[in-house]
There are 2 protein chains.
Amino acid sequence: MTSLELTQWALGSQLTLGRGEPLFRQGEEVGGALHFVRGGHLKLYQTCDDGMQRIIEFARPGDWLGVDTIGEQFRHASAVALTDCQVDVVEYRHLAELMDEEPYSCDLFSAMLSREIDRQQLAAAILRSAGACQRIVMFLLQRAGPAPQAPSQEMHSPLPMSRQDISDYLGLTPATVSRTLSALKRNGWISLGQRGFVVQCRAALEQLAEGAPLAIAAQGE
Amino acid sequence: MTSLELTQWALGSQLTLGRGEPLFRQGEEVGGALHFVRGGHLKLYQTCDDGMQRIIEFARPGDWLGVDTIGEQFRHASAVALTDCQVDVVEYRHLAELMDEEPYSCDLFSAMLSREIDRQQLAAAILRSAGACQRIVMFLLQRAGPAPQAPSQEMHSPLPMSRQDISDYLGLTPATVSRTLSALKRNGWISLGQRGFVVQCRAALEQLAEGAPLAIAAQGE
DNA sequence: CGGGCCCTTGATATGAGTCAAGGGTGGTGG
DNA sequence: CCACCACCCTTGACTCATATCAAGGGCCCG
């Protein structure tokens with residue numbers, strides 16, 4: 001039973017956001033609800049003292065927002081829509097009622113939070129150990145999702161955030177991200193569209209994600 | 001109401017570990033329980049394909065272990081004692097009973113998991129944005145705990161893990177950690193014992209944690 | 001007292017950041 | 001519908017922080 005199934009019970013009011021619109025802002029009152037992303041993409045970020053943004057994560061359909069502030073009064077981060085979005089607003093008291101009625105729902109909820117802890121631990125582990133190329137390739141593979149049955153069925157994966165956002169998220173600079181993506185493209189491992197990409201050679205990317213060095217094909221090819 | 005108060009109800013059997021003893025190992029069955037650290041220090045880590053360890057976190061008294069595998073069958077990481085430890089084993093079914101009986105315990109538990117998510121997000125944010133010196137100083141300040149009422153009351157803080165462990169945790173190398181600690185000591189900001197340290201000038205460390213550059217006092221001083 | 005391991009420190013290498021310029025794309029207004 | 005403009009992306013040259021490689025020293029344990 002997955003987090004999606006939780007939401008079959010816990011449906012709340014729906015909310016629609018246009019690209020660039022905020023869902024909530026750092027420092028606001030939490031307001032007694034979680035958000036479940038039904039459609040579209042958002043970014044969760046903090047604004048530093050010096051005005052720079054720190055990306056916490058990118059949210060996709062099926063992700064929850066607000067799981068870092070359960071029991072807190074104020075938001076730790078801001079969320080804005082990167083594309084048009086549909087978001088469910090799931091009130092804590094709905095969840096509480098659900099947990100009274102459905103014996104397993106509390107376990108499901110705990111397991112959902114636990115998975116989120118694990119995801120964050122994994123993200124931190126990657127930041128600790130991986131170089132620039134490795135981080136970028138892991139990021140792409142994660143966005144592309146699991147391998148299709150046939151290599152030819154690789155789908156176009158959206159990349160709705162700016163290079164600046166990607167580089168903040170990966171702890172790199174826009175220049176390094178751009179260079180590395182260009183190199184991957186030159187080698188034919190991926191193709192790049194304006195706001196998306198397609199995996200062309202998953203095997204090569206998986207090698208790189210394991211730590212293999214990136215041999216840069218000459219630009220003149 | 002804190003996570004400690006949760007454990008006043010949810011007491012399970014106690015467990016004692018000697019230094020170096022494992023609490024659980026990556027790949028083992030989870031076994032239906034969380035662990036609560038009563039005394040001592042442990043490290044939580046994964047073993048990579050290449051044999052290297054990846055430190056996930058260090059656990060101190062008051063910390064929970066196993067929150068990343070609720071609802072999972074197998075452990076994602078190993079935990080070993082860095083010092084002699086006392087650990088409470090809190091079975092899921094104890095927690096479940098508690099949540100039936102005590103109306104707020106479910107909220108408390110969710111809030112505890114939520115705080116853990118926030119901690120991991122913060123750790124990741126630090127890894128993304130901070131340089132070597134900043135990471136090390138933040139690590140030391142976190143270990144030292146909140147400032148005492150008088151600067152002269154700074155306590156000796158234990159540092160029971162090896163330099164290798166620290167460097168893995170911070171995404172650095174043992175050499176860099178050692179150099180930076182030496183520089184902090186030379187400047188008189190900290191003093192270093194064999195398995196611990198004392199904050200000598202918290203103000204200076206807080207400056208460094210905010211991103212101030214580390215002016216290295218000449219070695220000959 | 002002896003040995004091994006970890007910590008420290010130095011010299012050098014290298015990957016990523018910085019600074020800066022040029023080009024493409026999307027959006028806006030005429 | 002087209003043209004202009006702004007912003008972001010790309011690319012290059014250079015710098016710098018941190019990793020790497022390696023040697024010496026000290027601590028702890030046997």
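All values derive from a computational prediction rather than experimental measurement. Naming: A, B, ... by sequence-line order, numbering from 1 per chain.
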[X]: which residues meet the side chain to side chain contact (heavy atoms under 4.5 Å, CB included) condition with it, sequence neighbours left out?
X: E210(A); result: D49(B)
X: D68(B); result: I117(A), D118(A), Q121(A), H76(B)
X: P148(A); result: Q153(A), E154(A), R202(A)
X: R54(B); result: L122(A), A125(A), S129(A), Q46(B), C48(B)

TODO: With L184(B) as reference, evaluate L140(B), V199(B), L192(B) under the side-chain contact (heavy atoms from CB on, under 4.5 Å) test and give the passing residue.
DONE: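 For L184(B), the side-chain contact (heavy atoms from CB on, under 4.5 Å) test succeeds with only one of L140(B), V199(B), L192(B), which is L140(B).
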- [ ] Indicate whether OP1 or OP2 belonging to dT9(C) is found under 4.0 Å from a side-chain N or O atom of S182(B).
- [x]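 It does, given that an N or O in the side chain of S182(B) lies less than 4.0 Å from OP1 or OP2 of dT9(C).
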Under the rule for side-chain hydrogen bond (donor to acceptor under 3.5 Å, both in side chains), what residues qualify as partners of [X], not counting sequence neighbours?
X: S182(A); value: none
X: Q86(B); value: none
X: S157(B); value: none

Between [N] atom [atom2] and [X] atom [atom1], what is the distance in whole Å?
X: L184(A); N: dT11(D); atom1: CG; atom2: C1'; answer: 16 Å
X: R128(B); N: dG17(C); atom1: CZ; atom2: C1'; answer: 18 Å
X: L214(A); N: dG15(C); atom1: CG; atom2: P; answer: 11 Å
X: F197(A); N: dC9(D); atom1: CZ; atom2: P; answer: 16 Å
X: K185(B); N: dT8(C); atom1: NZ; atom2: P; answer: 8 Å
X: D168(B); N: dC7(C); atom1: CG; atom2: P; answer: 11 Å
X: L192(B); N: dT9(C); atom1: CG; atom2: P; answer: 10 Å
X: L127(B); N: dA16(C); atom1: CG; atom2: C1'; answer: 17 Å

Open item on the list: Looking at D63(B) and R119(B), is any side-chain nitrogen of the basic one under 4.0 Å from a carboxylate oxygen of the acidic one?
Closed with: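 Salt bridge between R119(B) and D63(B), a charged N being under 4.0 Å from a carboxylate O: yes.
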TODO: Take the C1' atoms of the five end pairs on each side of the helix from dC1(C)-dG30(D) to dG30(C)-dC1(D), derive the two axes, and give their angle rounded to 10 degrees.
DONE: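 Computed from the C1' atoms at both ends, the axes differ by 50°.
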Open item on the list: I'd like to check the ring-ring contact (aromatic ring centres under 6.0 Å, His included) partners of F139(A); sequence neighbours left out, ordered by chain and number.
Closed with: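 Partners of F139(A) by the ring-ring contact (aromatic ring centres under 6.0 Å, His included) criterion, ordered by chain and then number, come out as Y169(A).
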- [ ] Please list, chain by chain and in numerical order, all residues satisfying ring-ring contact (aromatic ring centres under 6.0 Å, His included) with F24(A), sequence neighbours excluded.
- [x]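 Applying ring-ring contact (aromatic ring centres under 6.0 Å, His included) to F24(A) gives H35(A).
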Task: Those residues of residues 155-167 of chain A lying under 4.0 Å from DNA chain D by at least one heavy atom - done: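 Going residue by residue through residues 155-167 of chain A, the ones with a heavy atom under 4.0 Å of DNA chain D turn out to be S162(A), R163(A).
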Open item on the list: At under 4.0 Å between heavy atoms, how does the protein contact nucleotides 19-30 of chain D? Give one character per nucleotide, 5' to 3', with B, S or -.
Closed with: SB-------S--
